[in-house]
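Side-chain atoms are counted along with the backbone in the values below, which use heavy atoms only and exclude waters and symmetry mates.
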Amino acid sequence: MKKTLIILSATSIFALSACSNMSDTQQRTLSGAAIGSAAGVGIGALTGGGLLWGAAGGAAIGAVGGYVYDQHEKTQSNSPPKSNSSKSTIN
């Protein structure tokens, strides 16, 4: 039991430290995958389906969703703000 706890702790520390130098795209894709896998496991548990397949499917869909969200955010930050120049200023 003690050995298992030490291995899990070390693995968690290494996994978390690996995320520190990631780009925004990588972080959003990984976050989407993590949220998707948790949702997939939850849905699999509620419906009586396979938890492993739910996690795998949720992670795939979540990763794609995180990547698409990142691309959307990059597009929004690169676009110039729209002005309200269509209004007439003549009184």
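Nearest heavy atom pair, residue Val41 against residue Ala55, reads CG2-CB, 3.5 Å. When every heavy atom of Ser37 is checked against every heavy atom of Ala34, the shortest pair comes out as OG-O, 3.0 Å.
Separating the OG1 atom in Thr29 from the CE atom in Met22 is a distance of 8.0 Å, to the nearest 0.5 Å. For the atom pair OG1 (Thr25) and CG (Leu30), the distance works out to 12.5 Å, reported to the nearest 0.5 Å. Distance CD/Gln76 to NZ/Lys74: 14.0 Å, rounded to 0.5 Å.
Atom CG of Leu51 has more than 12 neighbouring heavy atoms from other residues, nucleotides or ligands inside a 6.0 Å radius.
Residues passing the side-chain contact (heavy atoms from CB on, under 4.5 Å) test with Asp24, sequence neighbours excluded: Gln27, Arg28, Asp70.
Here the side chain of Gln26 pairs a donor or acceptor atom with the backbone of Ser23 at under 3.5 angstrom.
Counting only residues at least two apart or in different chains, salt bridge (charged side-chain N to carboxylate O under 4.0 Å, His left out) contacts with residues 31-45 are absent.
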